[in-house]
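Read through the structure below, which is laid out as structure tokens, and then see the notes.
The sequence lines fix the lettering, A, B, ..., with proteins before strands; numbering per chain opens at 1.
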Amino acid sequence: MRRTPAAAAGCLLAVLLMLLSGCGQAPVRATANDFRLAGKPHGHLTVLEKWADPEYAPYFKAAAREYERRNPGVTIDLQAVGDQPYKDRIAVLAASRELPDIYFAWPGRYAQKFADGRLAADLTGQLRGTRWGNTFEPDALDAFTFGGRTYGVPLNMDAKVFAYNEKIFAKAGVERVPRTFPELLTACDRIKKAGYTPLAFGNQYGWPAGHLLTQFNAMEVPADVLARDYDGAEGAFTHPGYARALEDLARLRQRCMPPGGTSISHESAQARMLLGKAAMQYLETLEFSYLDESGGAPKEFAENWNFFAMPEIPGAKGSPRAVAGGTDGLLVSNTSPNKALAVDFLKFLTSREQARKLVRELGWLSAVKGTADAARLPGLAGAQRTVASHEMSVWLDTRADDKIVNPYLAAADSVLGGNATPEQAMKTVRRGAENARRFGVRP
Amino acid sequence: MTRRRIRHAFYVAPALALIALFVYYPIVENVRLSLFKFSVFRPGMRYVGLENYRQAFQDPVFWHALLNNVFYAVTSVVFQVGAALVLAAVLEELIGRRLRGVLRAVYFIPAAVSMTVAGLLFQFLYQPDAGLVNSALDAVGLGGLQHDWLGDAATSIWGVINMSQWQSFGYTTMLLTVAVQRIPRELYEAATVDGAGRIRTFFHVTVPMVRDMTTLLIILTVSGAFLVFNEVMVMTGGGPANSSQVLGTWLYTSAFTGDDMGYAAAIGTVIFLITFAAGALQLLHSRRKAVAP
């Protein structure tokens with residue numbers, strides 16, 4: 001009996017050693033890149049995306065049902081989950097190499113991870129120089145192109161702008177839309193004096209500050225430096241533009257945001273603008289539907305709002321026409337046995353007919369050319385012009401190296417909270433980038 | 001005898017197999033994974049030995065998260081064991097039977113609220129401009145103390161800890177009330193005859209006689225404090241500036257935002273070692289001091 005604990009410990013050690021020497025990650029069993037349909041479409045498709053909001057989900061369900069109706073031999077299992085649950089779920093599915101046939105991806109490094117890991121099918125032959133490919137805005141396709149190969153089908157485009165209440169602007173004596181960043185700050189001063197909160201801002205989960213930094217970094221830092229640094233290159237984030245970007249954020253905090261704090265949600269902050277308590281909010285063009293009466297906005301606001309992109313920052317070294325944003329897209333699993341069917345469904349989903357429906361029903365900007373005129377929402381045509389006339393700078397949190405994102409968002413939090421100067425915050429970012437290199441996952 | 005043993009082993013085997021599969025195997029597998037660097041998106045794992053643990057020791061957020069867990073544990077033991085025991089004794093000794101029942105229900109209700117709902121509720125209470133906490137401070141002339149409780153790095157974790165105490169305090173009070181009720185009345189009568197006051201009786205009769213329950217609660221609250229996750233995710237997401245990160249949320253962030261699965265596994269191993277050590281130490285300590293009923 002006395003030997004039992006020793007025997008158990010021995011067994012445990014043996015199991016441990018066996019495991020140590022044994023299994024690694026499951027291999028990626030890529031299927032042939034054959035996108036030709038043999039006869040009429042038939043088979044079963046699994047789709048996982050992140051448009052679970054009750055305003056958006058019916059559109060995608062209806063599209064899947066319509067494709068099934070047109071192709072009686074096809075069944076589609078469409079699942080939608082929220083943003084963060086999507087990130088968790090797709091990571092688990094990627095680890096087990098059991099990705100759905102079609103899945104959502106944000107642009108930038110987020111999509112590139114799937115491409116680099118051979119988890120996304122190479123769609124270059126389908127999308128470059130083809131009739132289908134030529135229907136997309138070139139920038140939208142570029143968002144999913146890595147090393148000259150295209151891996152994603154762009155669906156919709158999104159940009160960050162300042163929505164504002166025209167009546168409050170008029171009452172505060174702000175006669176024209178700010179054309180420079182100092183003009184924006186002066187407008188904030190006037191609005192504050194008129195008794196309103198200039199800029200509604202809720203940073204509960206950190207990403208709204210990340211979006212502002214995406215914008216400021218793109219304007220303050222040259223594009224090539226930015227691309228190198230976001231990639232985690234050696235000696236990254238030493239350009240003085242980064243500290244200036246955080247200074248811009250601090251100035252916006254001080255002169256435009258409410259003094260109490262920023263720990264409320266983005267949606268709560270939006271309610272303040274809709275109720276006429278705040279003059280502006282920095283929001284996504286995807287959110288325009290919430291500013292309309294059909295989306296729940298009060299008539300008083302819905303009839304008196306407009307928007308403008310972040311105005312130029314004098315003396316900044318980056319792109320004066322930069323706008324924070326991104327293109328959402330769908331990837332085809334490289335292990336899917338139904339690649340041809342998946343591509344056929346994606347062709348249907350991004351057909352001109354469906355794209356116009358997306359613009360009309362959801363109030364989104366489609367990645368398909370010439371669809372903006374289908375918009376019912378006021379402002380969407382203007383948003384299309386803004387996107388076309390600006391350079392899209394992809395969200396920092398999907399563009400930068402994974403291990404840089406957390407220190408960067410934390411640095412933005414510190415500056416917003418007044419707990420660190422921009423220089424101190426950049427030191428934290430540089431330390432994060434250094435750690436990303438030292439302890440990075442990449443071989 | 002041997003046949004009897006085999007029969008016993010036969011009955012025990014399914015439970016053992018399930019425990020081995022769902023408890024011990026994941027622990028061993030987690031330790032194994034903590035010795036590798038790998039991404040869920042890329043094929044291949046790189047063996048790095050103890051590199052992930054070295055990374056943890058050099059990571060200021062890891063240490064900050066660990067400190068937050070310690071704050072959580074200490075506060076939980078003080079309120080959910082210490083103060084709850086005092087309340088349980090007061091309820092049993094000083095409060096009338098009818099009111100006692102009502103108060104027990106009042107204290108217990110927060111424990112029946114889901115953690116997510118409680119987190120959201122406290123988020124509203126803590127809102128910087130329209131929240132009840134700041135409004136109440138203003139109403140009693142303490143407007144100067146108004147604060148962005150969850151948005152300030154100095155107070156965010158305390159906002160979460162406070163909510164957790166509110167939610168669990170009544171539950172542990174109920175458990176301790178049951179333990180206090182089981183103490184033979186003769187002991188109290190003897191103490192009274194010997195001239196002991198209420199406070200002395202509490203420390204020399206009540207506290208030793210509920211040692212089993214307090215030991216159990218200390219183990220549960222300490223290990224619970226190191227496993228805390230939901231309330232932090234719901235209320236602050238670990239922010240601002242990682243100020244309210246705890247080991248559980250930092251593990252999650254490292255795995256699903258940082259895509260550094262090996263590092264996340266190393267944090268998981270550290271959490272396991274801490275909770276295991278806390279449990280083992282407490283059990284050893286209580287065995288030595290056990291009081292026969």
Side-chain angles (χ1 to χ4, degrees), chain A residues 12 15-16 19-20 22-28 84 87-88 91-97 113-114 116-119 203-206 209 258-265 268 397 402-403 405-407 409-417 419-420 425 428 431 435-436 438-443, chain B residues 20 24-25 28-29 31-32 35-48 51-52 54-55 58-61 123 126-131 134 146-154 156 159 233 235-243 252-263:
Chain A
L12 197 69
V15 171
L16 181 68
L19 287 168
L20 275 173
C23 41
Q25 262 186 315
V28 177
Q84 191 56 46
K87 286 180 187 171
D88 301 348
V92 172
L93 291 171
S96 60
R97 311 292 186 237
K113 285 189 291 195
F114 292 92
D116 289 351
R118 296 179 55 243
L119 294 166
N203 193 40
Q204 187 178 15
Y205 296 112
T262 59
S263 68
I264 59 169
S265 69
S268 300
D397 54 341
D402 291 324
K403 294 188 80 62
V405 171
N406 182 276
L409 294 185
D413 274 347
S414 301
V415 170
L416 279 173
N419 299 317
T428 315
R431 205 164 43 231
N435 279 342
R438 276 182 67 197
F439 300 112
V441 175
R442 276 177 288 176
Chain B
Y24 296 107
Y25 170 68
V28 173
E29 178 68 354
V31 173
R32 182 184 82 86
L35 305 177
F36 290 86
K37 277 281 175 206
F38 66 104
S39 153
V40 294
F41 300 100
R42 295 189 190 92
M45 297 166 78
R46 185 161 52 99
Y47 178 77
V48 292
E51 177 93 339
N52 286 321
R54 201 153 59 86
Q55 181 180 348
Q58 293 178 16
D59 178 2
V61 182
Q123 250 182 27
Y126 287 133
Q127 275 219 350
D129 53 355
N134 279 351
Q146 284 185 339
H147 202 71
D148 184 4
W149 300 99
L150 296 179
D152 184 339
S156 56
M233 283 311 277
M235 292 178 75
T236 64
N242 291 322
S243 61
Y252 171 84
T253 306
S254 302
F256 290 99
T257 305
D259 189 27
D260 193 348
M261 294 293 169
Y263 182 48

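Between A:K403 and B:D259, no side-chain nitrogen of the basic residue sits less than 4.0 Å from a carboxylate oxygen of the acidic one, so the salt-bridge criterion is not met.
Contact count against chain B (heavy-atom pairs under 4.5 Å) is highest for A:N406 among A:N203, A:D116, A:I264, A:N406. Put simply, of B:A255, B:G151, B:P128, B:G238, the one with the most heavy-atom pairs under 4.5 Å next to chain A is B:P128.
Residues passing the ring-ring contact (aromatic ring centres under 6.0 Å, His included) test with B:F256, sequence neighbours excluded: B:Y252. The side chain to side chain donor-acceptor pair (under 3.5 Å) test applied to B:S254 returns no partner, not counting sequence neighbours.
Between A:V28 and A:R118, the shortest heavy-atom distance links the atoms CG1-O, 3.3 Å.
Heavy atoms of A:T428 lying under 4.5 Å from chain B are absent altogether. Both the backbone and the side chain of A:D88 come within less than 4.5 Å of a heavy atom in chain B. Only the backbone of B:T236 comes within less than 4.5 Å of a heavy atom of chain A; no side-chain atom from C-beta onward does. Residue B:Q123 touches chain A through its side chain alone, counting heavy-atom pairs closer than 4.5 Å. Heavy atoms of A:L119 lying under 4.5 Å from chain B belong exclusively to its side chain.
Counting heavy atoms from C-beta outward, B:P43 and A:P27 have side chains that stay 4.5 Å or more apart.
Atom OG in A:S263 sits 7.0 Å away from atom CD in B:Q127 (nearest 0.5 Å).
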